[in-house]
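Heads up: the structure comes next, in structure tokens.
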Amino acid sequence: MIRHLIEQRLHAAVAAVLPDADLTSVLVRSCEPKFGDYQTNALMSLAKQRKLNPRQLATDVMAKLDVTGLCEPPEIAGAAFINFRLKAEALAGLLQGAARGEHLFFRKAATPRTIVIDFSSPNVAKPMHVGHIRSTILGDALARAFRLLGHRVVTDNHIGDWGTQFGMLLIGWKRELDAPALAADPIGEMERLYKKLSAECKADPAKLEAARAELVKLQRGDAENLAIWREMQRLSQVQFDTIYARLGVKFDVALGESFYNPRLQATVDDLVAKGLARESEGAKAIFSDDSLPPKDDPFKTQRDGEWHANPALVQKNDGGFNYATTDLATLAYRMETWSPDEIIYVTDGRQQLHFRQIFAAFRRWRADAKVRLEHVWFGSILGEDGKPFKTRSGDTVKLADLLDEAEERALKVVTDKNPNLPEGERREIARIVGLGAVKYADLLPNRQTDYVFSWDKLLALQGNTAPYLQYASTRIQSIFRKATEAGVSLDPSAAIRLGAPEELALAKHLLNFGFVLEMVAEECRPNYLCNYLYELAGHFTRFYEACPVLKAAEPERSTRLRLCELAGRVLRQGLDVLGIGTPEQM
RNA sequence: GCGCCCGUAGCUCAACUGGAUAGAGCUCCUGACUUCGAAUCAGGCGGUUACAGGUUCAAAUCCUGUCGGGCGCACCA
């Protein structure tokens with residue numbers, strides 16, 4: 001907020017000196033405290049483009065620069081930095097505005113966008129496992145961030161409820177279903193059937209053919225197969241609902257792959273009619289239109305020094321459809337239904353080529369669509385040995401087990417630290433802390449790095465972790481409990497006078513909340529928010545160690561109570577964006 | 001073979017349009033609880049940002065090449 005104000009004043013000054021300058025690259029950023037609170041380095045590149053003396057340009061801009069009311073007189077430093085130091089009254093004024101409930105250091109987007117977010121996408125008849133947590137948690141955090149900033153968000157769970165695996169599952173269900181096992185553990189039994197039949201089909205072509213036949217029957221609407229398929233869906237949905245309820249993740253819609261099944265033939269027909277797709281080796285595929293240089297063309301690949309076609313298949317030679325078809329039909333449906341400004345796909349990085357092809361194909365298919373398509377990808381999940389987790393035949397860690405263990409471990413710590421709390425409360429705290437630890441560990445690293453799965457790391461409760469942030473929050477709550485006991489209350493009109501360096505550092509950090517939220521939304525990287533909140537908790541804790549609150553005399557006490565209250569609100573709001581709760585005590 | 005991504009402290013990771021002396025956590029060492037919650041704080045150890053060139057006032061960041069690793073590349077999703 002204040003950053004935007006300084007930026008506006010800077011833009012006015014730069015425009016006065018260089019009327020034709022591109023102001024979009026004239027930015028203000030925060031900087032090291034020894035230089036000030038904010039700085040701009042834009043004048044150096046501007047001077048370079050125009051072959052001006054940078055220091056002279058800075059001097060000229062300074063002459064036109066009016067930051068009265070916001071900052072102390074700015075300084076030129078280094079090659080041609082301009083350093084800004086906030087005026088104490090401006091800082092106090094912002095805190096007072098927040099105290100009156102006018103803002104919480106961020107502002108809503110000036111032009112709200114409609115954003116569809118496609119994430120999680122588990123498969124029917126399979127257990128949700130660690131492979132689903134990144135997409136689910138990342139997608140949910142992004143949805144929350146966009147919503148907080150005032151955008152219209154549609155979260156859509158594109159469930160894997162259609163496809164070749166059902167041929168095998170149907171055979172298994174008909175021939176080898178263990179009904180008591182299904183009743184006791186539906187997902188486990190369906191998984192057993194899938195694994196068994198998958199292995200058998202690999203070894204026996206006749207069985208594979210039988211599976212295909214069952215699939216074709218299903219796709220043609222065979223009543224028995226449809227009924228079984230619906231039962232598998234229903235049983236899976238129970239599992240999804242349970243997991244999402246535990247995670248606190250909600251979807252606006254859950255239109256699985258099967259929803260688009262009736263549209264696939266028309267999609268392919270239209271692609272063929274428009275000349276995007278054509279027959280090739282018995283299949284139908286989308287080829288390059290040669291509009292891009294081969295290097296950037298997702299429909300080309302190089303072999304032995306020559307460029308070859310790398311088409312996207314939309315119909316198999318047996319007439320079946322595949323995921324490119326479904327994704328294009330889905331894209332068309334989403335455009336018709338929500339007219340979004342942006343569609344975000346949260347999947348792992350192995351699908352990069354696929355989405356490049358889908359996006360490129362869609363651009364040609366619907367040339368007038370103004371939608372921004374974004375593949376927000378993340379790294380693979382690795383075992384502790386650094387090798388990828390097996391998804392088909394090897395053992396995977398089930399998400400439900402992971403959450404159970406997180407809560408158990410958290411309960412041990414809570415019981416250790418706070419044995420006097422009733423068990424029910426300890427369990428509720430352990431639920432919030434354990435779940436928060438899992439989510440935070442997942443959101444903290446840059447999403448594009450590979451994810452090394454480790455119980456100890458996921459559930460560590462020390463250092464840069466959710467429990468550290470939650471602990472800071474409970475200390476703040478504790479102050480207010482004590483304040484209430486002592487009959488001290490927060491006066492919204494009390495003056496704010498910041499003096500101690502710890503008070504100033506904390507107060508100034510609060511101002512950056514909005515900028516960080518905007519960065520998270522712009523780059524779809526919640527780890528920026530994790531780091532911001534970790535720093536916030538650090539600033540608060542240092543303030544807490546150095547500055548007594550309740551024992552201080554006025555006016556310090558009011559100022560410090562206010563700082564506690566605002567820090568607590570930003571901390572809780574930030575954690576809420578990450579989908580992480582904050583207990584009163586822990 | 002081609003493409004995408006990655007290589008930063010012993011380990012796991014940060015580093016905001018290229019910005020000023022590359023920062024945290026874990027580990028190890030030293031201190032701080034009769035004072036608002038020590039799941040904490042203060043301090044210390046630890047770096048040729050894989051390597052070699054280039055671009056410029058300025059490079060972990062951009063360009064070229066080399067080495068090393070992960071992933072993808074026609075009917076699975």
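Order of the sequence lines fixes the chain letters, A, B, ..., with proteins taken first and strands second; residue numbering starts at 1 for each chain. The shown structure was predicted, so the numbers you read here are calculated from the model rather than taken from an experiment.
Base contact: A:C547 has a heavy atom under 4.0 Å from a base atom. Among the protein residues, A:S478 comes within range of the nucleic acid bases, having at least one heavy atom under 4.0 Å from a base atom. Here A:N418 lies in heavy-atom contact (under 4.0 Å) with a base. Counting any heavy atom pair closer than 4.0 Å across all strands shown, A:A77 reaches a base atom.
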Could you pull out the protein-nucleic contacts involving nucleotides 21-23 of chain B (nitrogen or oxygen on both sides, under 3.5 Å)?
{"from": "B:U21", "atom 1": "N3", "to": "A:K34", "atom 2": "NZ", "distance (Å)": "3.4"}
{"from": "B:U21", "atom 1": "O4", "to": "A:K34", "atom 2": "NZ", "distance (Å)": "3.0"}

Please write out the pairs of protein N or O atoms and N or O atoms of nucleotides 24-35 of chain B separated by less than 3.5 Å, giving the distance to one decimal.
{"from": "B:U35", "atom 1": "O2'", "to": "A:K551", "atom 2": "NZ", "distance (Å)": "2.1"}

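With B:C4, B:A74, B:C36 as the candidates, the nucleotide lying closest to the side chain of A:Q352 is B:C4.
Nucleotide B:C33 carries a syn base; the chi torsion (O4'-C1'-N9-C4 or O4'-C1'-N1-C2) is within 90° of 0.
Judged by centroid separation below 5.5 Å and plane tilt below 30°, A:Y471 does not stack onto the base of B:G37.
In this structure, A:R525 and A:S280 both approach RNA chain B, and ranking their closest nucleotides by distance from the 5' end singles out A:R525.
Counting heavy atoms from C-beta on, the side chains of A:T541 and A:Y468 come closer than 4.5 Å.
For A:R356 and B:C4, the shortest distance from a side-chain N or O to OP1 or OP2 is not below 4.0 Å. Within the 4.0 Å cut-off from OP1 or OP2 of B:G37, not a single side-chain nitrogen or oxygen of A:R481 is found.
A donor N or O paired with an acceptor N or O is not found under 3.5 Å between the base of B:A77 and the side-chain atoms of A:D327. Not a single donor-acceptor pair, N or O on each side, falls under 3.5 Å between the base of B:A77 and the side chain of A:Q165.
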Practice prompt. Under 3.5 Å for both distances, Watson-Crick or G-U wobble, that's the pair rule; now give the dot-bracket for RNA chain B, with | marking pairs to another strand and [ ] for crossing ones.
Written response: (((((((..((((.....[...)))).(((((.......))))).....(((((..]....))))))))))))....

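If you look at A:F81 and A:F35, their ring centroids are not closer than 6.0 Å.
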